[in-house]
Undergrad: 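Pasting in a structure now, in structure tokens, and then I'll have a few things to ask.
So that the names make sense, note that chain A is the first sequence line, chain B the second, and so on, each numbered from 1. The analysis underlying the following values was restricted to heavy atoms, covering all of them including side chains, and did not include hydrogens, waters or symmetry mates.
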Amino acid sequence: MVPDSPSLDGLEAKWGRHWETDGVYRFDRTATRERVFAIDTPPPTVSGSLHVGHVFHYTHADTVARYRRMRGYAVFYPMGWDDNGLATERRVQNYFGVRCDPSLRRHPDFTPPATSGRDPVPVSRPDFVGLCQRLTAEDEKAFEATWRRLGLSVDWALQYSTISPEARRISQRGFLHLLAQGHAYLAEAPTQWDVDLQTAVSQAEMEDREVRGAYHRLRFPRMGAEGTLEIDTTRPELLPACVALVAHPDDERYKALFGSKVHTPLFAVPVPVVAHHLAEPDKGTGIAMVCTFGDSADVTWWRELQLATRTIVGRDGRLRPAPFGEPGWESDDPEGARAAYGELQGRTSAQARRRIVELLAESGALVGQPRAVTHAVKFYERGERPLEIVSSRQWYVRTMPLRPRLLERGRQLRWHPEFMVHRYESWVEGLAGDWNISRQRFFGVPFPLWYPVGDDGEVDYEHPLRPAEDRLPVDPSDDVPGGYAEAQRGRPGGFVGEPDVMDTWATSSLTPQIAGRWGDDPELFERVFPMDLRPQSHEIIRTWLFSTVVRAELEHGTLPWNDAVFSGWVLDPDRKKMSKSKGNVVTPMALLESHGTDAARYWAASGRPGVDTAFDEGQMKVGRRLAMKVLNVSRFALGRLSGAPVPAPDAVTAPLDLAMLGGLTRVVEQSTAAYEAYDYARALERTEAFFWSFCDDYVELVKARSYEDRTLPGPASARAALAVALSVLLRLLAPVLPFVTEEVWSWWHEGTIHLAAWPTAEEMPEGVVAGQAAVLEVATEVLGAVRRAKTEAKCSMRAPVKRLTVSDSPERLALLASAREDLKEAGIVIELVTRPGERAVEVVLGDQADG
RNA sequence: GGGCGCAUGGCUCAGUUGGUUAGAGCGCUGCCUUCACACGGCAGAGGUCACAGGUUCGAGUCCUGUUGCGCCCA
């Protein structure tokens with residue numbers, strides 16, 4: 001049973017196969033809700049690259065899953081793939097040489113272009129989505145292979161992908177419910193827009209970037225009065241879109257001017273001077289130009305002060321035609337305005353800025369020279385040019401009125417570590433508007449809607465046509481609303497399909513519902529929802545965690561889970577977040593192969609929840625050493641147990657053995673408490689510390705006795721204690737080191753360790769008291785002194801000790817007396833003398849013959 | 001600007017109700033081939049716990065402030 005030279009090599013493949021064949025991690029869907037532990041696994045973006053951070057994060061959740069399973073829970077541990085979104089679109093475009101054109105119809109027998117030529121081939125959305133699915137299926141295989149190698153104890157029968165028909169159906173069902181209950185609405189409104197990717201972007205997807213710009217001071221002539229007003233702007237090209245000047249209501253410099261009008265330079269458009277508390281008196285000249293739209297402050301002013309709308313930036317980021325002199329574009333010099341605008345129209349924002357600065361300088365409206373500044377500008381997190389604000393028709397989810405409720409839910413959720421709740425709260429409190437869930441993209445879940453087209457050809461957006469729920473999922477660019485025929489698409493009296501897809505978070509926010517097959521499998525869903533645990537990394541609190549809480553609240557009126565545990569980042573040795581662009585990424589598979597999975601998991605599991613951790617191959621070497629030690633000490637202990645029946649636990653009677661188990665019992669208690677608090681790292685640390693001392697001290701102390709005549713009580717006690725300790729230690733280590741513990745378990749047990757019961761104090765032999773380990777501690781101290789003496793004398797540890805003299809308190813000497821023979825054997829001590837007194841150990845080396 | 005976190009030997013980190021002499025691993029140095037383990041074992045050196053105050057019989061731990069680093073939000 002016990003191999004002669006145990007090895008870690010090949011354990012991953014061997015046990016991975018066994019676990020799959022035996023269905024060790026299969027979810028028991030007959031379990032009642034109290035017995036279920038459900039995990040809302042993060043679905044990785046399959047088009048992104050696998051990196052070391054994945055190993056780190058997913059190991060954390062897996063240790064918790066394994067602990068819960070050993071506690072007797074039916075663990076619902078699914079794996080999902082997030083394949084929606086831009087990353088996939090880009091890969092598909094490049095890989096197949098295509099681009100999506102939603103106006104095209106599905107090709108009856110579509111095949112992708114044989115070669116990816118220079119000019120992308122336009123394809124319909126259904127065909128494009130087909131290609132996305134084909135490519136992501138490949139990506140999913142790579143992820144699954146890595147996860148299996150990592151030993152994740154997921155139930156692979158519970159796989160889902162966010163673009164699968166099932167996920168699309170649930171996502172669309174969720175949207176139809178939002179619509180029916182009034183939580184979703186359609187609005188034409190200023191929208192953050194990426195001009196390159198041609199899509200709207202939500203607040204959660206935006207980030208600030210510091211960019212170089214310049215303040216330009218512009219002079220506005222007053223109307224009906226002498227003098228000018230001067231404003232500073234970083235975006236002079238928006239001057240044609242200026243609709244007002246705004247200053248703080250208490251600003252003495254401008255108080256008298258509120259209600260008056262000025263002319264915009266170059267365009268001579270009359271605009272009012274208005275007051276608003278968001279104007280910052282100490283910024284620039286204290287008075288600002290309001291344009292439609294330069295930034296989110298402009299949107300606020302425009303909305304709250306009910307200003308005019310003069311939009312000049314098109315969706316392509318270029319200045320579009322502006323009919324100065326016509327209604328809405330009144331000018332007191334229409335010809336001059338048109339001439340000036342003619343210089344700008346068709347240019348990008350950056351080009352137009354350069355040109356208008358020249359025009360302003362020539363006209364004398366530019367005061368002084370532009371002053372360089374560095375300022376924060378909003379970008380789409382995946383984008384390359386600053387976001388523009390354009391007016392467009394988008395679907396929104398009403399989150400603003402929900403904020404107090406969301407804050408309350410945040411307080412109900414248990415956060416690990418607790419301080420992560422602040423990220424959530426500052427996000428909810430800082431929400432600037434409702435959640436825009438429309439994306440003008442192609443690969444995603446389509447809105448399940450069509451709109452009627454009137455006999456006059458006008459689309460009626462007020463009365464969307466919805467499919468019956470049993471038709472879901474639908475693609476409105478391919479499917480036809482009830483009561484209509486395909487021939488009526490786009491015709492007067494017919495219909496049009498909603499062309500947009502949903503934000504990826506609109507689907508990812510439903511991972512508990514998708515994994516639990518909400519609406520499709522009620523018996524399953526009621527067993528797993530609300531779930532127990534959401535493991536994730538902290539940078540997506542504002543997106544994934546937030547949106548999941550929103551959806552669970554709106555659909556079910558509950559939190560989606562009870563606990564959320566956060567992983568930190570993996571930092572490179574320079575304390576920077578590891579990233580592909582920095583070229584410091586190690587691929588997970590290479591890592592797992594070079595160090596072994598258990599070793600890599602050991603490193604991951606020593607990273608505490610929420611704490612960033614340095615990528616440290618040294619720690620993996622330590623993990624490998626630990627795994628080797630597990631093999632070897634098990635080989636020793638099981639060697640002592642072979643050849644005769646293993647004594648029952650109650651054979652443990654020797655004080656030293658009871659003390660060792662007393663220390664172990666404390667470790668069991670601490671480790672259990674740590675796992676209950678999702679602190680896998682603390683559990684590991686406690687277990688590991690005990691394990692090394694068990695190997696180095698206890699095993700050395702009982703080694704000789706364990707060899708003696710098995711019929712005597714002393715040797716039987718040692719062997720029984722070794723059996724109990726090994727069994728408990730293996731089970732304590734199993735969540736972190738699933739492969740080596742399973743290998744050793746198989747040497748002497750039927751069945752898998754991963755379904756064995758988690759160790760408890762109750763299973764300890766009679767006479768064991770948690771934490772009562774003084775006998776072992778005293779014996780270990782004296783043994784240490786003996787070893788020190790031998791090391792200082794540069795002797796082998798096998799060198800005999802002629803006489804060992806121990807002075808100590810009577811109490812400690814009494815403890816030592818009960819381990820006297822073990823100590824003499826372990827230290828090769830010929831004569832052991834004890835006497836009361838100050839604590840001291842004297843070691844005289846040399847055998848009797850020398851003396 | 002608001003908030004959160006971190007600061008302990010060369011490195012990575014423990015230190016959970018304040019309590020003997022601040023721990024571990026890596027690295028470094030030395031010793032030992034020992035019959036579970038050289039993919040090893042044993043031992044040693046190395047820290048005024050970022051700084052300044054305060055509370056206390058007692059502070060790495062609690063409070064206030066300062067500095068530095070990181071992150072979140074605006």
Undergrad: Rounding to the closest angstrom, what is the interatomic distance between B:rC4 and B:rG65 at atom P?
TA: 11 Å
Undergrad: Using the P atom on both, measure B:rG19 against B:rC49 and round to a whole Å.
TA: 16 Å
Undergrad: Between A:Y707 and B:rA36, is there a side-chain N or O to OP1/OP2 distance below 4.0 Å?
TA: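 Checking A:Y707 against B:rA36: at least one side-chain N or O falls below 4.0 Å of OP1 or OP2.
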Undergrad: Using the C1' atom in both, what is the distance from B:rG30 to B:rG68, to the nearest Å?
TA: 39 Å
Undergrad: If you take the centroid of each ring, where Trp contributes its six-membered ring, are A:Y424 and A:W415 closer together than 6.0 Å?
TA: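 That pair passes the under 6.0 Å test.
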Undergrad: Starting at atom CG of A:D696, determine the distance to atom P of B:rG40, rounded to an integer number of angstrom.
TA: 13 Å
Undergrad: Side chains of A:E304 and A:H276: do they bring a donor and an acceptor to under 3.5 Å?
TA: yes
Undergrad: Pick the C1' atom in B:rU64 and in B:rG23, then give their distance to the nearest Å.
TA: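 To the nearest whole Å, 29 Å.
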Undergrad: Quick one: list whatever passes salt bridge (Lys or Arg N to Asp or Glu O under 4.0 Å) with A:E205, sequence neighbours left out.
TA: A:R439
Undergrad: Distance between the C1' atoms of B:rC6 and B:rA14, in whole angstroms?
TA: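 Between the two C1' atoms, the distance is 15 Å.
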Undergrad: Could you tell me whether A:R787 and A:D697 have a side-chain N and a carboxylate O separated by less than 4.0 Å?
TA: yes
Undergrad: With P as the reference atom in both, quote the distance from B:rU17 to B:rG54 in angstrom, rounded to an integer.
TA: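 Taking atom P in both B:rU17 and B:rG54, they lie 26 Å apart.
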Undergrad: Counting side-chain heavy atoms from C-beta on, which of B:rA36, B:rA14, B:rA43 comes nearest to A:R608?
TA: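 Of the options given, the side chain of A:R608 lies nearest B:rA14.
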Undergrad: What is the nucleic acid contact for A:R624, judged by heavy atoms within less than 4.0 Å: base, sugar-phosphate only, or nothing?
TA: base
Undergrad: Would you kindly check if the NZ (Lys) or CZ (Arg) of A:K703 is within the cone defined by 45 degrees around the ring axis of A:F636 and under 6.0 Å from the six-membered ring centre?
TA: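 Yes.
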Undergrad: In whole angstroms, how far is the C1' atom of B:rG40 from the NZ atom of A:K621?
TA: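 For the pair A:K621 NZ and B:rG40 C1', the rounded distance is 16 Å.
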Undergrad: Ion pair present between A:K14 and A:E743, side-chain N to carboxylate O less than 4.0 angstrom?
TA: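 Salt bridge flag = yes for A:E743 with A:K14.
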Undergrad: Can you list, in residue-number order, the parts of residues 714-727 of chain A that come under 4.0 Å of RNA chain B, counting heavy atoms only?
TA: none
Undergrad: Go nucleotide by nucleotide along RNA chain B from the 5' end; which of A:D697 and A:E700 gets its closest nucleotide reached first?
TA: A:E700
Undergrad: To the nearest Å, give me how far apart CG (A:L8) and P (B:rA38) are.
TA: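 About 13 Å, once rounded to whole Å.
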Undergrad: Would you find more than 12 non-hydrogen atoms of other residues, nucleotides or ligands less than 6.0 Å from A:Q412 atom CD?
TA: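 Check passes, neighbour count above 12.
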Undergrad: Scan A:K703 against the nucleic acid and name what it touches under 4.0 Å (heavy atoms): base, sugar-phosphate only, or nothing.
TA: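 Base: the residue A:K703, judged by heavy atoms under 4.0 Å, touches a nucleobase.
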Undergrad: Less than 4.0 Å between a side-chain N and a carboxylate O, is that true for A:R705 and A:D657?
TA: yes
Undergrad: Say we look at B:rU55 and B:rU21: how far apart would their P atoms be, to the nearest angstrom?
TA: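 Taking atom P in both B:rU55 and B:rU21, they lie 23 Å apart.
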Undergrad: Without decimals, in angstroms, what is the distance between A:N632 CG and B:rU34 C1'?
TA: 14 Å
Undergrad: Considering only the C1' atoms, how many Å lie between B:rC69 and B:rC62, rounded to the nearest integer?
TA: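 So the two C1' atoms sit 24 Å from each other.
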Undergrad: Thinking salt bridges, do A:D9 and A:R624 make one under a 4.0 Å N-O criterion?
TA: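 Counted as a salt bridge, because a side-chain N and a carboxylate O are separated by less than 4.0 Å.
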Undergrad: Go through the structure and list residues passing salt bridge (Lys or Arg N to Asp or Glu O under 4.0 Å) with A:R719, not counting sequence neighbours.
TA: none
Undergrad: When the distance from CD of A:E210 to P of B:rG1 is rounded to whole Å, what number comes out?
TA: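 Atom-to-atom, A:E210 to B:rG1, this comes out as 13 Å.
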Undergrad: Enumerate all atom pairs, one protein N or O and one N or O from nucleotides 25-32 of chain B, separated by less than 3.5 Å.
TA:
| unit_1 | atom_1 | unit_2 | atom_2 | d |
| --- | --- | --- | --- | --- |
| B:rG25 | O3' | A:R625 | NH2 | 3.4 |
| B:rC26 | OP1 | A:R625 | NH2 | 3.0 |

Undergrad: May I ask you to say whether A:E408 pairs ionically with A:R405, meaning some side-chain N is under 4.0 Å from a carboxylate O?
TA: yes
Undergrad: Before you tell me yes or no, could you show the steps for A:H595 and A:W603 under ring pair (Phe, Tyr, Trp, His ring centres under 6.0 Å), namely the whole-Å CA-CA distance, both residues' side-chain angles and the distance that decides it to 0.1 Å?
TA: CA-CA 11 Å; A:H595 295 279; A:W603 159 74; 9.6 Å; no
Undergrad: Write down the distance between CD1 (A:I541) and C1' (B:rC4), rounded to a whole number of angstrom.
TA: 11 Å
Undergrad: Can A:R839 and A:S809 be counted as having a side-chain donor-acceptor contact under 3.5 angstrom?
TA: no
Undergrad: Whole Å only: how far is the CD atom of A:E429 from the C1' atom of B:rC4?
TA: 13 Å
Undergrad: Between protein and nucleotides 72-74 of chain B, what N or O pairs are separated by less than 3.5 Å?
TA:
| unit_1 | atom_1 | unit_2 | atom_2 | d |
| --- | --- | --- | --- | --- |
| B:rC73 | OP1 | A:R542 | NE | 3.1 |
| B:rC73 | OP1 | A:R542 | NH1 | 2.8 |
| B:rA74 | OP1 | A:Q203 | NE2 | 2.8 |

Undergrad: For a 4.5 angstrom cut-off between non-hydrogen side-chain atoms, does A:I828 reach A:V801?
TA: no
Undergrad: Any salt bridge linking A:R686 with A:E688? Criterion: basic side-chain nitrogen under 4.0 Å from a carboxylate oxygen.
TA: no
Undergrad: Quickly work out the A:M420 CE to B:rG3 C1' distance and round it to whole Å.
TA: 14 Å
Undergrad: Would a line drawn from the ring center of A:H416 to the ring center of A:F566 be shorter than 6.0 Å?
TA: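 A:H416 vs A:F566: aromatic centres not under 6.0 Å.
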Undergrad: With Watson-Crick and G-U wobble geometry limited to distances under 3.5 Å, how should the secondary structure of RNA chain B be encoded in dot-bracket form, using | for bases paired to another strand and [ ] for crossing pairs?
TA: (((((((..((((.....[...)))).(((((.......))))).....(((((..]....)))))))))))).
Undergrad: OP1 or OP2 of B:rC39 less than 4.0 angstrom from a side-chain nitrogen or oxygen of A:K629, does that happen here?
TA: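 No, outside the criterion.
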